[in-house]
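All remarks here apply to the structure that follows.
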Amino acid sequence: PGHPRARRPGGGLPSEGAMAPTVEVSSPSGLSTMTLTTPHAGGPDQTKTPSMGGSMSKAMIKMQMQRELAAQKTAELKAGEEWNEKFRIKDNLKNAEVLSGFWAEVKIRLTKKFGGIHAAFRKLDSSGDGSISFLEFCDMLQMINLPMDQRILRQLFDKASGGDRALSMEELKTLLLDKTIRKLRFVMEGFNSKQERVQTHIHRFIRRLAHTEDVSRTRSIDRFQRKLTVDFVKELWQSLQKHPSLKDSAGDGRLERSACSEVMESFVAKEVGTRLLAYEVLFMERIFDRADRRRRGSVALTEFLCMLLLLSPDIDRLAKAALIFDFFDSDSDGCLLYEQIMTMFLCICSQRPMAEENLRHVYDLDFQEELSAQEGQHAYELALWHLQQTSKVEGGIVTKRELVEALERMPDLLDALLPGAVRMRWALQPSYVEGPDPPSPAWPRPPKQLP
């Protein structure tokens with residue numbers, strides 16, 4: 001007993017791999033216990049500690065990660081060689097789809113290695129000049145395992161930089177995000193198309209709801225008239241001035257009916273400011289036809305805008321007069337000549353009967369225009385006399401403040417020029433352009449189709 005080669009109770013000698021006996025030794029304080037393993041004589045030392053096992057596990061994980069990285073690098077190099085072979089065909093360097101796929105692969109690898117395009121650019125821009133040179137471009141592709149022939153690298157760089165000697169950050173982003181941008185554009189176009197179809201159904205429903213009976217039609221025109229505020233007319237004036245037809249009108253300021261309709265339709269899809277419903281564009285066109293007394297298909301922009309202000313339900317008539325002053329102040333210096341003041345008064349008096357429906361039973365248009373001209377001349381003489389007597393205006397120039405203050409002191413003249421609110425129920429009837437039986441307006445309208 002006790003001999004290392006002694007037989008065990010079951011017979012036979014202990015094997016080389018048998019578990020050696022263990023002895024537990026407690027510390028004197030009794031707080032910890034240490035296990036000791038006694039090795040077999042002539043056998044290997046089988047003593048193991050927890051720290052050795054953890055080290056072996058970390059080493060195995062590290063080796064596994066190294067193998068995975070090596071396999072990934074091998075796959076990336078193989079894909080890079082395939083791109084190199086593909087670009088050896090000259091036509092592929094001009095193929096937009098092939099180039100888009102290549103730059104998408106570059107974006108993925110840069111993002112994986114550096115965490116983002118901006119971070120990659122800062123890392124690659126070793127000179128710090130905000131651009132990537134040809135050598136830095138070659139290093140970039142080498143770092144992401146895309147080896148290329150020197151000739152191919154030069155052609156790719158020239159195409160990316162537009163022939164410049166350096167590649168800027170914006171050019172790099174445009175290249176790398178081109179495929180993503182095209183996908184987003186495709187998605188947004190589909191979304192916009194759906195939105196247009198939805199808006200078409202909404203406007204069709206509202207139009208039918210507003211035209212079901214006479215009461216609804218009357219309420220619809222009243223709701224529309226409440227939108228003709230001074231702010232709306234000013235906003236419309238600014239939009240009309242930007243239209244190409246008015247910019248190319250050689251300074252005569254003539255507004256075509258088609259241009260008016262186009263600008264009105266843009267107010268249907270507006271997101272900020274006063275919006276129009278689709279069927280209300282027809283009301284605006286009827287106002288235009290009403291201002292076009294001679295049926296020429298065009299009116300002076302000032303006449304059309306004065307017509308809208310006469311129909312406006314706003315009670316602040318001085319604000320209307322100030323805005324009309326701006327219509328005629330073509331150089332925006334805040335001053336008008338006496339001749340321009342007279343032209344302004346003549347324009348207001350010529351459009352006032354149209355807004356008040358006084359021409360409904362008047363068939364002699366020349367007589368009505370002559371009568372309006374006399375009223376405008378009389379109003380101008382009154383205003384001029386008042387300005388010269390009270391404001392001491394000299395030099396033939398009147399400022400906006402002087403005119404507004406003069407109209408404020410002359411309420412009778414202000415009432416003659418800008419009367420109170422009027423009803424525009426006549427806009428429910430078709431104009432001469434539409435004919436006796438106009439078609440129902442649709443939205444969006446087909447191009448070059450009159451309502």
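Throughout, residue positions are numbered sequentially from 1 according to the sequence presented.
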Listing, residues 314-321 side-chain donor-acceptor contacts under 3.5 Å, not counting sequence neighbours, or none:
from: D314; atom 1: OD2; to: V230; atom 2: N; distance (Å): 2.9
from: D316; atom 1: OD1; to: L318; atom 2: N; distance (Å): 3.4
from: D316; atom 1: OD1; to: A319; atom 2: N; distance (Å): 3.3
from: R317; atom 1: NH1; to: D415; atom 2: OD1; distance (Å): 2.2
from: R317; atom 1: NH1; to: L418; atom 2: O; distance (Å): 3.2
from: R317; atom 1: NH2; to: D415; atom 2: OD1; distance (Å): 2.9
from: K320; atom 1: NZ; to: S312; atom 2: O; distance (Å): 3.0
from: K320; atom 1: NZ; to: D314; atom 2: O; distance (Å): 3.0

statement: ring-ring contact (aromatic ring centres under 6.0 Å, His included) pairs touching residues 119-144, sequence neighbours excluded, are F134-F157, F137-F157
task: Give a yes-or-no answer on whether the side chains of S372 and E369 include a donor-acceptor pair shorter than 3.5 Å.
output: no
task: Answer whether the closest heavy-atom distance between the side chains of S261 and F288 falls below 4.5 Å.
output: no
message: Filter on ring-ring contact (aromatic ring centres under 6.0 Å, His included), then keep only pairs touching residues 396-415, sequence neighbours left out; what's left?
response: none
message: Are L407 and M410 packed together at the side-chain level, in the sense that at least one heavy-atom pair is separated by less than 4.5 angstrom?
response: no
query: Quick one: does NZ or CZ of R295 land under 6.0 Å from the six-membered ring centre of Y432, within 45 degrees of the ring axis?
result: yes
statement: By side-chain hydrogen bond (donor to acceptor under 3.5 Å, both in side chains), E381 pairs with (sequence neighbours left out) Q377
query: Hey, does the side chain of D329 reach the backbone of G334 with a donor-acceptor pair shorter than 3.5 angstrom?
result: yes
query: Are K234 and W237 in a cation-pi setup, meaning NZ or CZ lies under 6.0 angstrom from the ring centre and within 45 degrees of the ring axis?
result: no
message: Using the ring-ring contact (aromatic ring centres under 6.0 Å, His included) criterion, which residues pair with F283? Sequence neighbours excluded.
response: F224, Y279
query: Just by distance, do the side chain of E105 and the backbone of G80 share a donor-acceptor pair under 3.5 Å?
result: no
field: Steps toward side chain to side chain contact (heavy atoms under 4.5 Å, CB included) verdict (H243, L240)
entry: CA-CA 5 Å; H243 196 272; L240 290 171; 5.6 Å; no
- prompt: Does any non-hydrogen side-chain atom of L277 lie less than 4.5 Å from one of R223?
  reply: no
field: Chi angles and distances behind the salt bridge (charged side-chain N to carboxylate O under 4.0 Å, His left out) call for D158, R154
entry: CA-CA 6 Å; D158 291 342; R154 172 55 68 178; 3.6 Å; yes
- prompt: Can we say D326 and K400 salt-bridge, meaning some charged N sits less than 4.0 Å from an Asp/Glu carboxylate O?
  reply: yes
- request: Run the salt-bridge test on R294 and D289 with the 4.0 Å N-O cut-off and return the result as yes or no.
  value: no
- request: Any chance you could measure R109, atom CZ, to E76, atom CD, to the nearest 0.5 Å?
  value: 4.5 Å
- prompt: Are E82 and K78 close enough, and set up right, to give a salt bridge (charged side-chain N to carboxylate O under 4.0 Å, His left out), and what steps lead you there?
  reply: CA-CA 6 Å; E82 292 177 356; K78 184 177 179 181; 5.1 Å; no
message: Given 3.5 Å as the limit, does a donor-acceptor pair link the side chain of Q389 with the main chain of H386, or not?
response: no
field: Partner set under side chain to side chain contact (heavy atoms under 4.5 Å, CB included) for R151, not counting sequence neighbours
entry: R88, Q155
field: Close side-chain approach of L309 and I324, heavy atoms under 4.5 Å
entry: yes
- prompt: Between C349 and L417, is any pair of side-chain heavy atoms under 4.5 Å apart?
  reply: yes
